[in-house]
Amino acid sequence: MQTWRSVAVPRVPGTPPPLRLHDTATGQLRPTAPGPEAKMYVCGITPYDATHLGHAATYLAFDLVHRLWRDAGHDVHYVQNVTDIDEPLLERAERDHEDWVVLGRRETALFREDMEALRVLPPREFVGAVESIPEIVEMIGELLANGSAYRAEDPVHPDIYFDRSYTGRFGYESNYDEATMAGFFAERGGDPGRPGKRDPLDALLWRLARPGEPSRESELGAGRPGWHVQCSAIALNRLGLRFDVQGGGSDLVFPHHEYSAAHAEALTGDHPFAGHYVHAGMIGLAGEKMSKSKGNLVLVSRLRADDVDPSAMRLALFAGHYRTDRGWTDELLHQAQERLARWREATSAQAGPAAEGTIAKLRDRLADDLDTPSALGAVDAWVVDALEHRGTDTDAPASIRNAVDALLGVAL
Ligand code: ZN
């Protein structure tokens with residue numbers, strides 16, 4: 001798929017510390033240790049509705065990972081998918097009497113516009129599930145061949161399922177107990193009650209065509225892929241096993257990331273799928289998680305139409321830590337707009353206090369599991385001094401402006 005346009009990223013002098021991130025699988029804060037090429041896969045949208053601030057918060061968190069790795073001199077191989085064939089998209093198209101392909105294309109185009117406006121650096125590869133069906137079919141064929149996948153005992157629709165007991169490590173990514181797994185599996189797209197499976201928590205790999213449902217011809221029979229195997233194949237085929245970061249919102253911890261990892265590990269006989277499993281918190285509105293089903297969405301495109309500066313959206317979301325579930329309020333946005341105005345005023349002055357210490361602190365705070373609240377605080381401290389004319393360094397305002405642009409993606 002076509003990705004979106006990148007903005008230029010200024011170089012920042014100095015040496016950044018290694019980036020440490022919280023890993024869900026081990027429950028620890030651990031340094032990322034990429035080679036010359038840093039590899040990241042972040043689960044993309046299911047394009048049936050416009051980008052809301054919950055999505056934006058997730059992609060902005062991983063945009064920081066992208067920027068910090070670039071700052072450290074890595075070539076970043078970033079892959080993101082689009083789940084352009086799955087139940088929620090097909091249901092929405094049906095409800096609105098719309099062609100699912102048209103709906104998916106329109107919402108994907110709007111997502112690109114939103115990401116570009118937010119100055120999110122684009123993935124190197126932006127990959128749709130539909131265009132990846134041949135490689136997904138190949139992966140499922142190999143899983144069938146090695147015995148980690150099987151056909152459901154159903155004479156009419158022998159769909160293909162994944163045997164979750166195959167790797168012997170199932171559950172290591174989420175660390176959830178059986179009851180928690182069962183709850184999330186049922187709640188997040190699983191089919192525990194489907195007859196003909198070996199285990200209620202075995203996940204769908206290939207759904208054979210039903211009348212009126214979209215399908216593709218394949219050696220598995222006409223049908224369409226399950227959700228988790230889409231990301232598993234797309235990531236594995238582009239990044240290989242043991243890529244650096246698998247990312248997404250915290251609602252993907254289980255089942256999505258657990259099965260994506262298990263599929264790839266069953267195929268290769270090796271582990272782990274990713275070095276870090278990194279999850280962003282949810283954004284709420286008036287105490288409730290922002291979600292399509294609740295209808296309480298604040299859309300990035302709506303804010304843009306209201307002339308809200310995307311840099312203010314970034315600062316509002318960065319005012320809280322990426323792993324924390326947090327609320328969106330008008331007050332939060334207002335404070336971010338005021339902060340942005342102060343930063344712009346200070347960095348357009350003729351001189352300011354020396355920038356090096358502030359830039360080192362900014363890097364240090366971001367490298368500590370993307371501690372954006374403290375990172376913004378470091379810039380605030382410089383801004384206060386600059387606005388009180390406590391500095392004569394004529395290079396400093398431009399240095400701070402560059403660092404804030406490169407590391408936070410905020411345009412001053
Ligand atoms: Zn995914």
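Every number for a ligand or one of its atoms is a count from 1 in the order of the listing. What you see is a predicted model, and the numbers here were worked out from it, not measured in a lab. What you see below is based on every heavy atom in this structure, not just the backbone, and it leaves out hydrogens, waters and symmetry mates.
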* Under 4.0 Å between a Lys/Arg side-chain N and an Asp/Glu carboxylate O for Arg92 and Glu98? -> no
* If you stand at the Zn ion (ligand 1) and look out to NE2 of His256 and SG of Cys43, what angle do those two lines make, to 10°? -> 110°
* To do: Specify the closest pair of heavy atoms between Arg30 and Asp23, including all atoms of both residues, with the distance to one decimal.
  => NH1-OD2, 2.8 Å
* Structure fact -> Taking every heavy atom of Ile140 against every heavy atom of Leu205, the minimum-distance pair comes out as CD1-O, 3.3 Å
* To do: Flag His257 as yes if one of its N/O/S atoms falls below 2.8 Å of the Zn ion (ligand 1), otherwise no.
  => no
* To do: Spell out, as yes or no, whether a donor-acceptor pair under 3.5 Å connects the side chain of Asp84 to the backbone of Gly128.
  => no
* To do: Verify the distance test for His228 against the Zn ion (ligand 1): any N/O/S atom under 2.8 Å, yes or no.
  => no
